[in-house]
Amino acid sequence: MTVKSIGIIGGGIIGLATGWQLVRRGHSVTIFERSRFGQEASGVAAGMLSADAELGFEEPGLYRASRESLKRWPAFVRALESDCGHSVGFGATGTLVVADDQDSEASLRRMYDFQKDEGLRVEWLRGEEARDLEPFLSPGIVSAVLAPEDQLVDNRLVLQGLQTALSASGGVLRERCNVAAIVPGEGDPIIILDDKSQIEFDQIVVASGAWSSQIKGLTTETTPRIRPVKGQILDLQAQPSFELKYVVRGPRAYLVPHKDGRIMVGATSEEMGFDKQITAGGIYSVLDGAWEIVPGIYDLPLNSLLVGLRPGSRDNLPVVGKSDLPGVYFATGHYRHGILHTALTSEEVALEISDVYDSPWFSDFRPQRF
Ligand code: GLY
């Protein structure tokens with residue numbers, strides 16, 4: 001393996017994790033972040049690792065990659081915690097996907113049948129069986145699917161851990177450092193910063209989330225369009241008298257209970273361009289959807305309201321692989337699944353960049369498909 005110098009544009013979870021995996025393989029890595037590391041979509045996400053509960057039969061390639069990433073998360077966490085020296089709040093909670101009327105029950109049943117066909121260990125529960133597991137579920141829940149293998153992680157601790165691990169192993173983290181343009185080139189692509197300084201790398205990785213197609217120097221013919229998909233989310237504080245055991249997903253909202261007592265409740269999905277305004281209607285719709293399935297949240301203290309922009313491609317699948325522009329590689333477009341896909345994407349991208357290797361997991365995600 002040849003040691004390479006790699007410039008990564010974007011300090012979200014995909015950029016940081018890919019950088020860490022590359023540094024672990026001996027490469028020299030610099031990550032450029034236009035604002036603060038991990039403060040955009042990655043830091044706002046709820047942290048659920050729900051390959052089984054969040055995905056369906058419409059997207060088999062995405063589903064298979066999600067399952068694989070879920071499998072790789074425990075090893076990813078072990079390695080990261082050993083490199084950064086602290087816990088990242090990883091745990092296996094399982095998800096309860098609940099239905100509260102005939103329509104939502106019918107769509108839950110379709111998802112369940114698909115999962116059974118795929119050989120997954122999911123379980124169909126009647127409303128009262130689901131309430132035996134999770135007593136805070138509403139009496140209105142008619143049925144549920146338990147996905148016991150789903151996990152969760154504290155994405156904010158992962159983001160901190162990645163920064164610590166990267167710095168400790170010689171990675172260069174450049175915060176509030178905007179990339180003004182790139183100049184592609186086989187073996188010698190260049191990053192130009194706002195102050196006009198130019199840095200040559202062996203390889204550039206675009207991991208800029210919702211901003212990925214806005215980098216000057218990327219041509220429209222070779223760059224898939226990535227759009228921002230706004231998500232408003234809030235976090236509530238669990239109380240000794242109210243602690244959820246499971247991630248709970250309903251037709252209009254999800255609740256993700258973290259080890260530190262925060263319960264993330266999300267999320268809207270809005271096509272509003274780069275608007276990041278938190279709105280009364282957005283927060284209301286999320287709270288109403290969550291209250292309908294877990295009414296006891298009514299009395300919980302509200303910690304904060306958050307908003308992030310998910311990166312969505314035209315078909316909402318990730319965009320991962322070599323660009324047609326020489327020296328430029330994309331790792332972006334993870335839409336609703338950035339945290340879940342981090343373990344797989346970072347490892348496989350690092351392998352593709354290090355060696356002559358064609359990842360079998362990215363065949364549906366290549367930039368050339370558009
Ligand atoms: N994966 C959760 C969300 O995008 O809201």
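Everything numeric in this text was worked out from a predicted model, so none of it was measured. Start at 1 and go down the list; that is how both ligands and their atoms are numbered. Just the heavy atoms: all of them, side chains too, but no hydrogens, waters or symmetry mates, feed the values below.
For Asp260 and Arg262, the salt-bridge test passes: some basic side-chain N is under 4.0 Å from an acidic carboxylate O. With salt bridges taken as basic N to acidic carboxylate O contacts below 4.0 Å, one links Glu68 and Arg72.
Using 4.0 Å as the threshold, Tyr254 has a heavy atom nearer than that to some atom of ligand 1. In this structure, Met48 is part of the shell of residues with a heavy atom less than 4.0 angstrom from ligand 1.
In terms of protein heavy-atom proximity, atom 1 (N) of ligand 1 is nearest to Arg336 O, 2.7 Å. Among all non-hydrogen protein atoms, the one lying nearest atom 4 (O) of ligand 1 is Arg310 NE, 2.7 Å.
Using a 4.0 Å cut-off to heavy atoms of Ala267, the atoms of ligand 1 that qualify are 5 (O).
For the 3.5 Å distance criterion, the side chains of Ser66 and His341 qualify, holding a donor opposite an acceptor.
Using a 4.5 Å heavy-atom threshold, the side chains of Thr164 and Leu166 count as separate.
Within the cation-pi definition used here (under 6.0 Å to the ring centroid, within 45° of the axis), Arg64 does not qualify as a partner of Trp361.
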